[in-house]
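Only heavy atoms go into these numbers, but all of them, side chains included; no hydrogens, no water, no symmetry mates. Residue numbering restarts at 1 for every chain, and letters A, B, ... go by the order of the sequence lines.
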2 protein chains.
Amino acid sequence: MKVIRSIPDMRQLMSDYRLQKKQIGFVPTMGYLHEGHLSLMREANKENDIVVASIFVNPLQFGPNEDYEEYPRDEQADARQAEEAGVDVLFIPTAAEMYPKPTLMQLGITDRADVLCGRSRPGHFEGVLTVLTKLFHIVSPHKVYFGLKDAQQVAVVDALIEDLNFPIELVGLPTVREADGLAKSSRNVNLTDQERNEAIWLYKGLQHGQQLIHRGEQHPDQVVRAVTEIMQQNLSGTIDYVELLSYPSLKPVTTINQQVILAAAVYFDKARLIDNLLLDQNGEIVARYD
Amino acid sequence: MKVIRSIPDMRQLMSDYRLQKKQIGFVPTMGYLHEGHLSLMREANKENDIVVASIFVNPLQFGPNEDYEEYPRDEQADARQAEEAGVDVLFIPTAAEMYPKPTLMQLGITDRADVLCGRSRPGHFEGVLTVLTKLFHIVSPHKVYFGLKDAQQVAVVDALIEDLNFPIELVGLPTVREADGLAKSSRNVNLTDQERNEAIWLYKGLQHGQQLIHRGEQHPDQVVRAVTEIMQQNLSGTIDYVELLSYPSLKPVTTINQQVILAAAVYFDKARLIDNLLLDQNGEIVARYD
């Protein structure tokens with residue numbers, strides 16, 4: 001596995017691969033890799049000739065009171081795991097390499113960013129759109145892989161690629177979970193033991209909502225209310241939101257008769273956790289978004 | 001010369017050229033080609049293996065009260081002239097091809113867009129940034145050519161390419177003028193005979209400003225005042241602005257001791273004309289921006 005830190009080196013290598021007609025799959029990450037990231041890399045490895053992953057904790061997508069400094073980092077372990085998962089090229093730029101001067105360009109999106117996590121993280125998706133546009137231009141991949149745990153991010157990237165005609169295919173893959181159901185997340189290490197035990201109720205609450213839909217509940221309000229109640233009873237953290245929206249357009253729905261996302265976010269002391277279920281109109285899990 | 005109207009056809013062809021290691025030069029235009037556009041195409045032809053030009057009157061960059069409907073169009077004449085100027089591929093998409101649905105993505109820029117034409121054309125550069133991003137992704141050129149008549153556009157595209165790491169080299173080429181000095185523009189056809197005769201004072205006014213700088217005038221206010229006076233005395237149209245700013249950052253300067261732009265815009269009855277001089281610190285014309 002090649003580890004590359006400079007943009008010109010990366011461009012040169014990717015240009016060579018392209019001229020060799022290699023199909024390039026790309027997994028952008030913020031590092032501190034877990035099974036969720038690795039599942040994306042393995043899938044990218046199956047579907048492409050060359051797998052590129054990036055590790056970059058993007059300052060632009062963190063708010064002033066968010067956990068940019070505390071975001072966990074472990075480059076050595078990441079490199080070892082990425083290589084085992086089939087990554088051919090690991091791109092690890094510094095912030096100075098990615099942002100040599102303050103950026104004048106502003107990328108935004110109407111819709112899709114003002115709900116769910118976007119509401120409590122103003123500027124977050126603007127930062128995500130900016131860094132992904134930069135990475136897409138540096139890596140020039142054929143396919144790009146994201147985890148559906150960040151389903152709103154997938155919806156936003158879907159609009160980015162579609163509206164701006166990026167020559168890239170988007171693939172969203174299922175959330176990977178711990179044995180007890182907690183969604184794998186780099187931020188889980190910042191939970192106390194008690195919070196870790198409770199945290200499973202994010203998933204249990206969403207599952208209860210899914211069961212209601214499965215049994216025929218068509219009113220989003222009823223589902224959201226039931227899920228919120230379960231979470232309030234079992235979680236000491238503060239619920240940021242429980243929402244049910246169409247997917248990927250992320251609009252409120254009056255009746256559950258289309259693909260929807262049931263999503264929640266909870267603030268614990270030193271971590272904010274998110275989870276969601278992407279469901280078809282029958283309440284069945286949607287396994288792959290592309 | 002190939003004429004292509006669909007995005008997938010364009011992508012396929014450009015991908016083939018890239019695999020054949022052809023260097024691609026791109027000249028985006030709104031059509032109604034004149035000597036200004038043709039000079040870009042001829043230069044692109046000298047510097048690249050393949051020259052692509054596009055003709056697309058982009059609705060997104062016109063304000064509600066602007067001349068989108070009246071913008072002159074002549075596809076047949078354009079195709080003939082483009083071919084003579086060495087264009088290999090002419091891309092002419094419809095608005096429905098470029099915007100099959102309303103775009104969710106919003107591109108903006110801090111600085112550079114809130115002065116000169118940006119001030120009187122709110123939303124204009126956002127529309128320019130959006131359509132160019134789309135075209136760059138569809139054409140994937142190595143080099144892109146713009147006329148310095150739209151010097152603010154060149155400054156804005158410079159930030160777009162730089163900040164978002166587009167793998168594209170920007171080239172700005174000199175304004176082409178009529179025999180009497182009027183900058184060539186597709187909009188000149190919308191001038192009355194009297195306006196056409198007067199319009200030369202845009203250039204004459206700017207030239208007077210250049211002479212002042214050349215003779216040692218270092219105060220931008222003095223230059224702007226002198227230029228404005230000459231234009232007011234000789235033009236029946238309404239002056240939109242006369243400004244002197246640093247280039248390409250487009251910031252006010254207190255002393256003329258760096259590369260600057262001296263620019264003006266005038267509203268006539270059915271056309272708004274712009275012109276500028278890009279000057280080095282000695283008041284000499286800058287012939288090429290790259």
Side-chain angles (χ1 to χ4, degrees), chain A residues 6-8 10-12 14-23 60 91 93 97-114 125-126 129-140 142 155-168 248-251, chain B residues 6-8 10-12 14-23 60 91 93 97-114 125-126 129-140 142 155-168 248-251:
Chain A
S6 100
I7 293 172
M10 195 66 199
R11 277 199 201 291
Q12 184 57 56
M14 302 318 291
S15 167
D16 291 346
Y17 285 137
R18 286 218 153 224
L19 288 175
Q20 293 161 29
K21 303 201 185 188
K22 302 289 190 195
Q23 177 165 309
L60 221 60
F91 180 48
E97 182 74 6
M98 289 296 281
Y99 301 108
K101 53 188 180 188
T103 177
L104 300 180
M105 285 297 305
Q106 295 179 307
L107 275 79
I109 182 171
T110 57
D111 297 341
R112 301 195 187 188
D114 53 352
F125 285 111
E126 288 77 356
L129 289 165
T130 303
V131 79
L132 287 178
T133 296
K134 290 166 72 75
L135 288 170
F136 290 172
H137 289 156
I138 295 164
V139 176
S140 67
H142 297 86
V156 165
V157 176
D158 178 68
L160 174 71
I161 289 176
E162 191 84 1
D163 280 0
L164 297 183
N165 302 97
F166 275 92
I168 300 177
S249 58
L250 302 184
K251 299 274 192 192
Chain B
S6 101
I7 293 173
M10 195 68 198
R11 278 200 202 290
Q12 185 58 55
M14 301 318 290
S15 167
D16 292 347
Y17 285 137
R18 286 218 152 224
L19 288 175
Q20 294 161 30
K21 304 200 184 188
K22 302 291 190 192
Q23 177 164 309
L60 220 61
F91 180 47
E97 182 75 5
M98 289 296 281
Y99 301 108
K101 53 188 177 189
T103 178
L104 299 181
M105 286 297 305
Q106 294 180 307
L107 276 80
I109 182 171
T110 56
D111 298 341
R112 301 197 186 187
D114 53 351
F125 284 111
E126 287 78 355
L129 289 166
T130 303
V131 78
L132 287 178
T133 296
K134 291 166 71 75
L135 288 170
F136 290 172
H137 288 156
I138 294 164
V139 175
S140 67
H142 298 85
V156 165
V157 176
D158 179 67
L160 173 72
I161 288 177
E162 193 85 3
D163 282 359
L164 297 183
N165 302 97
F166 275 92
I168 301 177
S249 58
L250 302 184
K251 300 273 193 193

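- Among A/S140, A/A113, A/G108, the residue with the largest count of heavy-atom pairs under 4.5 Å with chain B is A/G108.
- Note that OG1 of A/T103 is 8.5 Å distant from CD1 of B/I109, once rounded to the nearest 0.5 Å.
- B/M105 and A/L160 make their closest contact through CE-CD1, 3.7 Å (heavy atoms, listed as atom of the first residue, atom of the second, distance).
- Applying the side-chain hydrogen bond (donor to acceptor under 3.5 Å, both in side chains) rule to A/D158 yields the partners A/R112, A/Y289; only residues at least two apart in sequence or on another chain are considered.
- Contact annotation for A/L135: neither backbone nor side-chain heavy atoms come within less than 4.5 Å of a heavy atom of chain B.
- B/H137 places a side-chain heavy atom less than 4.5 Å from the side chain of A/H137.
- Side chain of B/N165 to backbone of A/I138: no donor-acceptor contact under 3.5 angstrom is found.
- Looking at B/L129, the atoms closer than 4.5 Å to chain A (heavy atoms on both sides) all sit in the side chain, from C-beta outward.
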Steps toward side chain to side chain contact (heavy atoms under 4.5 Å, CB included) verdict (A/T130, B/L164):
CA-CA 7 Å; A/T130 303; B/L164 297 183; 4.2 Å; yes

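- Neither the backbone nor the side chain of B/I168 comes within less than 4.5 Å of any heavy atom in chain A.
- At least one donor-acceptor pair closer than 3.5 Å links the side chain of A/D163 to the backbone N or O of B/L104.
- Of all heavy-atom pairs spanning B/L19 and A/R18, the tightest one is CD2-O, 3.3 Å.
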